[in-house]
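In what follows, a structure is listed as structure tokens, so that the remarks can point back to it.
These values consider heavy atoms only, across backbone and side chains, with no hydrogens, waters or symmetry-generated copies. These numbers were taken from a predicted model, which means no experiment stands behind them.
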Amino acid sequence: MRVLDNPEGRGIPLLLAAIFLCIVVGGVVDLILDQPTTLFSIHVLFELAMITLSVGAAGYLAWGWYVTQVRLTQVTKESDRIERERTEWEERASSQLRGFGSAISGQFDEWALTPTEKSVALSLLKGQSHKRIARASETSERTVRQHSVAVYRKSGLAGRAELAGFFLDPLILPPEE
């Protein structure tokens with residue numbers, strides 16, 4: 001079944017809602033076909049309870065789906081806003097960023113970092129975790145940690161915070177007006 005093959009499971013609430021609605025329709029049709037003489041028989045009360053529970057479950061799933069869609073829309077808009085803001089900032093600061101990037105690369109050369117160590121060091125400066133760097137470089141987290149240790153040893157810095165501080169401490173922000 002295609003809905004169940006979905007790795008994120010997005011179709012499962014819809015499938016469950018459809019199943020509950022089928023139970024409702026089946027229960028109503030069964031009650032009509034049975035033509036009960038009294039509403040207080042165990043059979044009628046049980047079917048009414050199943051119909052009520054199924055309507056409630058389908059409604060609950062539909063409401064959850066709606067809330068999730070609203071939240072997804074909000075998160076997408078916020079993500080788009082942040083991305084636009086970042087792009088605008090990069091455009092405003094592009095020449096300085098190129099110079100800063102060249103200065104970082106020059107310092108990496110002075111420390112005699114290998115190309116892999118440079119890549120790991122840059123990822124660390126960007127704030128990426130060892131796990132994320134490992135996934136991106138298709139290596140193990142242990143290998144990334146070993147490259148990180150080599151970067152710290154060659155640079156004479158004690159860790160990620162000192163590495164970031166080495167490059168960011170000299171930045172002077174303009175005075176507030």
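Between atom CD of residue Glu91 and atom CZ of residue Arg86 there is a gap of 10.0 Å, rounded to the nearest 0.5 Å. One finds the CD1 atom of Ile104 at 12.5 Å from the NZ atom of Lys118 (value rounded to the nearest 0.5 Å). Here the CG-CG distance, from Leu122 to Leu113, works out to 11.0 Å after rounding to the nearest 0.5 Å. Here Arg145 contributes atom CZ and Ile133 contributes atom CD1; the two are 10.0 Å apart, rounded to the nearest 0.5 Å. Note: Leu48 CG to Leu53 CG = 11.0 Å, rounded to the nearest 0.5 Å. Considering OG1 of Thr143 and NE2 of His130, their distance stands at 11.5 Å, rounded to 0.5 Å.
In this structure, Ser148 and Leu124 have side chains that are in contact, with non-hydrogen atoms separated by less than 4.5 Å. Taking 4.5 Å as the limit, some side-chain heavy atom of Leu31 sits within range of a side-chain heavy atom of Ile51. Contact check for Thr76 versus Ser79: no side-chain heavy atoms found under the 4.5 Å cut-off. With contacts defined as side-chain heavy-atom distances shorter than 4.5 Å, the pair Met50/Val24 does not qualify. Annotation: side chain of Phe20 is not in contact with side chain of Val55 (no heavy-atom distance under 4.5 Å). Residues Tyr152 and Arg160 meet the side-chain proximity criterion, which asks for heavy atoms closer than 4.5 Å.
Checked against Val144 for a side-chain contact (heavy atoms from CB on, under 4.5 Å), the options Ser119, Ser137, Ser129, Ser123 give a single hit: Ser137.
The neighbour count for Leu33 CG, taken as heavy atoms of other residues, nucleotides or ligands under 6.0 Å away, is above 12. For Phe167, the CZ atom counts as densely surrounded, since its 6.0 Å shell holds more than 12 non-hydrogen atoms of other residues, nucleotides or ligands. Sparse packing is recorded around CZ of Arg142, with 12 or fewer heavy atoms of other residues, nucleotides or ligands lying under 6.0 Å away.
At least one donor-acceptor pair under 3.5 Å links the side chain of Ser155 to the backbone N or O of Val151. Checking side-chain atoms of Lys154 against main-chain N and O of Ala112 turns up a donor-acceptor pair under 3.5 Å. A donor-acceptor pair is defined here as one N or O able to donate and one able to accept, closer than 3.5 Å; such a pair exists between the side chain of Glu117 and the backbone of Thr114.
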Using side-chain contact (heavy atoms from CB on, under 4.5 Å), reason through Trp111 and Leu157 one step at a time and then give a plain yes or no. CA-CA 11 Å; Trp111 288 337; Leu157 301 170; 3.9 Å; yes
Before giving the answer on side-chain contact (heavy atoms from CB on, under 4.5 Å), spell out for Val44 and Ser41 the whole-Å C-alpha distance, their side-chain angles and the decisive distance to 0.1 Å. CA-CA 5 Å; Val44 171; Ser41 71; 3.3 Å; yes
I'd like to know whether Glu47 forms a side-chain contact (heavy atoms from CB on, under 4.5 Å) with His43, so could you lay out the CA-CA distance, the side-chain angles of the two residues, the decisive distance to 0.1 Å, and finally the verdict. CA-CA 6 Å; Glu47 286 198 22; His43 176 77; 2.8 Å; yes
Pair Tyr60-Trp63, ring-ring contact (aromatic ring centres under 6.0 Å, His included): steps then yes or no: CA-CA 5 Å; Tyr60 177 77; Trp63 176 252; 9.7 Å; no
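Of the charged side-chain nitrogens involved, none lies within less than 4.0 Å of a carboxylate oxygen, so that Arg84 and Glu88 do not count as a salt-bridged pair.
Both Val120 and Leu163 sit in one connected hydrophobic cluster of ILVMFWY residues. Membership requires side-chain heavy atoms under 4.5 Å apart, directly or through other members. The same ILVMFWY cluster, assembled from side-chain heavy atoms under 4.5 Å apart, contains both Val67 and Val70. Phe166 and Leu168 fall within a single hydrophobic cluster, where Ile, Leu, Val, Met, Phe, Trp and Tyr side chains are chained together by heavy-atom contacts under 4.5 Å.
Nearest heavy-atom pair, Gly64 versus Thr68, reported as atom, atom and distance to 0.1 Å: O-OG1, 2.8 Å.
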